[in-house]
Amino acid sequence: MPEATFHFPTDFRWGTATAAHQVEGNNMNNDWWAWEQEEGRIKEGHRSGLACNWWERAEEDFDRAAELGQNAHRLSVEWSRIEPREGHFDDAALDRYRAILRALRERGIEPMVTLHHFTNPLWLAEMGGWENPRAVFFFERYVARVVEALGEFCDLWCTVNEPNVYVYMGYLAGVFPPGKKDFRAGMRAGRNLMRAHAVAYRRIHALQPGARVGFAHNLRIFDPANPRSPLDRWVAGLQDRSFNEAFLAAPTRGRWLFPLGWGFAWRLRRTLDWIGLNYYTRDLVAFDRHQPGAMFGRNFHAPDAEPLDGGYGELYPDGMERALKRLSYLGLPIYVTENGIPDADDDQRPRAIILHLHRLWRALQGCIPVMGYYHWTLVDNFEWAEGWTLRFGLIELDPETQARRYRPSAHLYRDICKGGAIAPEMIDRYAPDLRPVLLP
Ligand code: IFM
């Protein structure tokens, strides 16, 4: 019997994902740049600085992506460059983005453009950011300008990246700007972000009837620490509803769920052509009455699980298949808009890639419509509050010298992208211990 090879569909999108502030460099006009200048905000006092210098030299990394067999790339555009002052749009910035998208197309790489990925122009932050309902109008106006300028090169749009993470980190944990610990303000901001998604969805379709519009949801798995404990099950369910379900119910069923809101959200109903899955890890959750601020949950990682760098979580590839199955009930095409691990020495990433893609392959066998996979990320980049301490790149970057070095996982991912399959030799080379599990 021939050995199994895990084949993916021939039209599958194989790519990587990035975000403007993390790669462009010198993004000085947004709330994140200001945040980085404040003492104690970013680990080890790191700053985004020149980042990967994509504002000037993205094309060189696109050459690398093409050489690595990638046919898709998810990137974001930076609102504060495009609209540096309220109502004033910068044509030179839009021209640069046109050049960036053209460069991707010339290399046979299909762009997916994210319109909001964590950062806000300073002028918007000064008006109260997403707590201010006017942000929805401002976003719609900005999106219209972007689609008019870039629509020639892109019809695959991601309105908002991880609204749940934005709310959690910015308004509950207080480690992203605006650095608040204010539940009500956070839910207001979350509702406005989801409204902005819906408004953008309609506006993009009005301007570009063939557009495909979705948003990227960070689906974290919350499992009860003790599945037999009703309290652990209740608290894990509560966290899942708050972090996952509430953000999925609004743009699909048109419902505000607690804690995001109550009642109908009619204008948000059916505002997705596809759903993006950003999958990284899972939490075990135990009931703890001393943690009211954490919804009475104590979150931790399975003690026997393989930990990821810097306390990022546990390696839990089964979560990929579970998350895809769950999203499949929405009845929409799914893109894995992000997946990856922080791993500076690349001793876990090759295995992690194989395992996560194997679970994705299994979802495809179950007829779940997964259209593509965007690995996070191509080149090490500025990891928000973690600065440069967490390295997610297939390619290692020295931010001082801008020198790049391919990690072994870049070559593995190249072979998978080029062959459209995980072959037994890859398992033998990068994950020999998995051979008995994955291969007959
Ligand atoms: O770097 C981030 C990205 O901006 C959003 N999703 C998770 C990634 C890794 O933490």
Side-chain angles (χ1 to χ4, degrees), residues 15-25 27 30-33 35-36 41-43 46-49 51-52 54 61 73-80 112-120 158-170 173 175-177 193 214-221 243-244 247 275-283 301 307-316 319-320 323 335-344 348-349 352-353 356 373-397 399 409:
T16 43
T18 56
H21 190 76
Q22 295 178 268
V23 295
E24 285 179 355
N27 247 321
N30 69 27
D31 55 351
W32 260 94
W33 186 274
W35 184 253
E36 291 164 35
R41 295 301 193 190
I42 313 293
K43 233 180 221 166
H46 288 169
R47 294 183 178 174
S48 55
C52 312
W54 273 28
D61 279 331
H73 186 76
R74 171 175 174 240
L75 75 170
S76 75
V77 290
E78 173 61 33
W79 188 354
S80 65
M112 172 191 286
V113 172
T114 303
L115 296 153
H116 185 273
H117 193 123
F118 293 166
T119 57
N120 298 307
C158 174
T159 54
V160 181
N161 178 71
E162 300 179 352
N164 55 351
V165 173
Y166 181 85
V167 168
Y168 178 77
M169 299 296 257
V175 294
F176 282 13
L193 265 172
F215 86 106
H217 177 70
N218 184 312
L219 199 153
R220 199 173 177 99
I221 304 235
F243 197 77
N244 294 318
F247 288 86
I275 180 75
L277 167 65
N278 291 3
Y279 173 69
Y280 287 92
T281 188
R282 77 146 169 192
D283 285 0
H301 301 297
L308 300 173
D309 279 9
Y312 195 77
E314 65 173 81
L315 187 70
Y316 184 64
M320 170 67 89
Y335 290 89
V336 176
T337 34
E338 288 182 27
N339 169 243
I341 62 167
D343 183 20
Q348 292 172 293
R349 188 178 291 103
I353 290 176
H356 285 89
Y373 172 87
Y374 299 78
H375 188 79
W376 186 274
T377 182
L378 182 61
V379 185
D380 285 341
N381 56 48
F382 180 70
E383 180 55 27
W384 308 113
E386 305 294 324
W388 294 92
T389 62
L390 295 186
R391 301 304 187 106
F392 281 84
L394 295 171
I395 301 175
E396 183 183 335
L397 171 79
S409 47

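Order of listing sets the numbers, starting from 1, for every ligand and every atom in it. Counting from 1, the numbers follow the sequence of the chain as shown.
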Which of Phe243, Tyr279, Phe247 passes side-chain contact (heavy atoms from CB on, under 4.5 Å) with Asn218? Answer is Phe243

Here the atoms of ligand 1 under 4.0 Å from any heavy atom belonging to His117 are 3 (C), 4 (O), 5 (C)

With nothing but distance in play, are any N or O atoms of Asn278 less than 3.5 Å from an N or O of ligand 1?
no

Going by atom types only, do Tyr373 and Asn339 share a side-chain donor-acceptor pair under 3.5 Å? yes

Quick note on ligand 1: atoms under 4.0 Å from a heavy atom of Glu383 include exactly 1 (O), 2 (C), 9 (C), 10 (O)

Within 45° of the ring axis of Tyr374 and under 6.0 Å from its six-membered ring centre, is that where the NZ or CZ of Arg74 lies? no

Quick check: Tyr166 with His116 (ring centres under 6.0 Å apart)? yes

Only one of Thr337, Asn244, Asn161 passes side chain to side chain donor-acceptor pair (under 3.5 Å) with His217, and that residue is Asn244

Next on the checklist: So for ligand 1, is Gln22 a polar contact partner (N or O within less than 3.5 Å, distance only)?
Outcome noted: yes

When distances are taken from atom 7 (C) of ligand 1, the protein heavy atom at minimum range is Glu338 OE1, 3.2 Å

Glu162 heavy atoms within 4.0 Å reach ligand 1 at atoms 5 (C), 6 (N), 7 (C)

One finds that the ligand 1 atoms under 4.0 Å from a non-hydrogen atom of Tyr312 are 7 (C), 9 (C), 10 (O)

Examine the side chains of Trp32 and Asn27 and answer whether a donor and an acceptor come within less than 3.5 Å of each other.
no

| query | So is Asn218 polar-close to ligand 1, meaning N/O to N/O under 3.5 Å? | reply | no

Does one side chain, of Asp31 or Asn120, offer a donor that lies under 3.5 Å from an acceptor on the other? yes

In ligand 1, the atoms that come under 4.0 Å of a heavy atom of Phe392 are 9 (C), 10 (O)

